[in-house]
Q: 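Here it is: the structure, laid out below.
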Amino acid sequence: MTKKSLPAAARLLLSSVAIAAALSSLSACAPLLIGGAMVGGTLMATDRRTSGAQVEDQAIELKALGRVKDVVADRGHVTTVSYNRMVLITGEVPTEADKATVEQAVARIEGVRSTVNELAVAGSASLTSRSNDTLLTSKVKASFVDARDVLSNAFKVVTERGTVYLLGRVTEREATRAAELARSVSGVQKVVRVFEIVSEAELAEITPKSGKEAAAK
């Protein structure tokens, strides 16, 4: 079987392994930003956030880890993802009070401009459930790559208990198409759009220009 004939999820897994192997051979001074924002500059260059916003988002996520630990300790399972300083909060906590306290703690972090609280008041998800969520995230990302009519790097995908959350700075056209693709993935129970919608004109402004396009201006 050739690499081209492999299913999308398998190709994505192979690519991840290849990237991990390549990164292990890089020197300490090689360009690498934790969390996938930059690998040799490629991903950062195609990200629709400014480089400053990308760094801020990573700082917010690191601070959120500490804040969440302070307020719920090991009584819940909470995940925070920041995109352009909008923070999506997912996972499970035991009470409504914990849910509100977590959101307040995250909202007070410097740089956070808004929060989307999707915490469930329930017992922590099982390891099997979390593993399934990881697999669904990979499948959704692979569906974006295979579709070719959406820019896969423009989207961040988070999955909790079978619900897929989609983040990114996208047009309404892109948002609709991405949600459609995510819903078509087997095992996805629900798709929640957490997008920052921009116009087609705004998209043209924030899309990185090629060297030739930049020189022509």
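Throughout, numbering of the chain's residues begins at 1 and tracks the sequence. Basis for what follows: all heavy atoms, side chains included, without hydrogens, waters or symmetry-related copies.
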Q: Are Arg193 and Glu172 close enough for a salt bridge, meaning some N to O gap below 4.0 Å?
A: yes
Q: For a quick test of reading the model, state the closest non-hydrogen atom pair linking Leu88 to Glu118 and the distance between them.
A: CD1-CG, 3.9 Å
Q: So, Glu200 and Arg173, do they make that salt bridge, N to O below 4.0 Å?
A: yes
Q: Taking the side chain as every heavy atom from C-beta outward, state whether Asp57 and Arg85 have any atom pair closer than 4.5 Å.
A: yes
Q: Let me check something: do Val188 and Val192 share a hydrophobic cluster, defined by ILVMFWY side-chain heavy atoms less than 4.5 Å apart, either directly or through other members?
A: no
Q: Does any non-hydrogen side-chain atom of Thr137 lie less than 4.5 Å from one of Lys141?
A: yes
Q: Is the ring pair Phe195/Phe155 parallel, tilted or perpendicular, if the boundaries are 30 and 60 degrees?
A: perpendicular
Q: Hydrophobic clustering (ILVMFWY, side-chain heavy atoms < 4.5 Å, transitive) - are Val78 and Ile109 grouped together?
A: yes
Q: Between Val93 and Arg75, is there a side-chain heavy-atom distance shorter than 4.5 Å?
A: no
Q: Glu92 and Leu119: which non-hydrogen atoms are nearest, and at how many Å?
A: N-CD2, 4.0 Å
Q: Could you walk me through whether Ile89 and Lys99 satisfy the side chain to side chain contact (heavy atoms under 4.5 Å, CB included) test, starting with their C-alpha distance in whole Å, then the side-chain angles of each, then the deciding distance to 0.1 Å, before giving a yes or no?
A: CA-CA 10 Å; Ile89 310 170; Lys99 179 176 179 177; over 6 Å; no
Q: Do Arg183 and Glu180 sit within salt-bridge range, that is, some charged N less than 4.0 Å from a carboxylate O?
A: no
Q: Would you name the heavy atoms of Gly187 and Leu136 that are closest together and state the gap between them?
A: O-CD1, 3.7 Å
Q: Just by distance, do the side chain of Gln54 and the backbone of Arg49 share a donor-acceptor pair under 3.5 Å?
A: yes
Q: Answer yes or no: is there a side-chain heavy-atom contact under 4.5 Å between Val157 and Phe144?
A: yes
Q: Indicate whether the side chain of Thr159 and that of Asp133 have a donor and an acceptor atom separated by less than 3.5 Å.
A: no
Q: Donor-acceptor check, side chain of Glu61 to backbone of Ser82, threshold 3.5 angstrom: yes or no?
A: yes
Q: Side-chain donor-acceptor pairs under 3.5 Å in residues 100-108, sequence neighbours left out?
A:
from: Thr101; atom 1: OG1; to: Ala97; atom 2: O; distance (Å): 2.8
from: Glu103; atom 1: OE1; to: Asn117; atom 2: ND2; distance (Å): 3.0
from: Glu103; atom 1: OE2; to: Thr115; atom 2: OG1; distance (Å): 2.9

Q: Report yes or no: do Tyr165 and Leu181 belong to one cluster of Ile/Leu/Val/Met/Phe/Trp/Tyr joined by side chain heavy-atom distances under 4.5 Å?
A: no
Q: Rounded to the nearest 0.5 Å, what separation is found between the CZ atom of Arg169 and the OG1 atom of Thr207?
A: 9.5 Å
Q: Mind checking ring pair (Phe, Tyr, Trp, His ring centres under 6.0 Å) for Tyr83 and listing every partner two or more places apart, or none if nothing turns up?
A: none
Q: Measure across Pro94 and Val121 and return the closest heavy-atom pair with its distance rounded to 0.1 Å.
A: O-CG1, 3.4 Å
Q: Contact between Val170 and Ile197 at the side-chain level, heavy atoms closer than 4.5 Å - yes or no?
A: yes
Q: For a 4.5 angstrom cut-off between non-hydrogen side-chain atoms, does Arg48 reach Leu151?
A: yes
Q: When you measure from the side chain of Lys156 to the backbone N and O of Leu167, does any donor-acceptor pair fall under 3.5 Å?
A: no
Q: For a 4.5 angstrom cut-off between non-hydrogen side-chain atoms, does Thr171 reach Val198?
A: yes
Q: Verify the cluster assignment for Val194 and Ile60: are they in a single hydrophobic cluster under the rule of side-chain heavy atoms below 4.5 Å apart?
A: no
Q: Linking I/L/V/M/F/W/Y whenever any side-chain heavy atoms sit under 4.5 Å apart, do Val191 and Val150 land together?
A: yes
Q: Evaluate the side chain to side chain contact (heavy atoms under 4.5 Å, CB included) criterion for residues Glu174 and Leu203: first the C-alpha distance (whole Å), next the side-chain angles of each, then the deciding distance (0.1 Å), finally the verdict.
A: CA-CA 11 Å; Glu174 291 175 313; Leu203 175 60; 4.1 Å; yes
Q: A side-chain contact here means heavy atoms from C-beta on lying under 4.5 Å apart; do His77 and Glu160 qualify?
A: yes
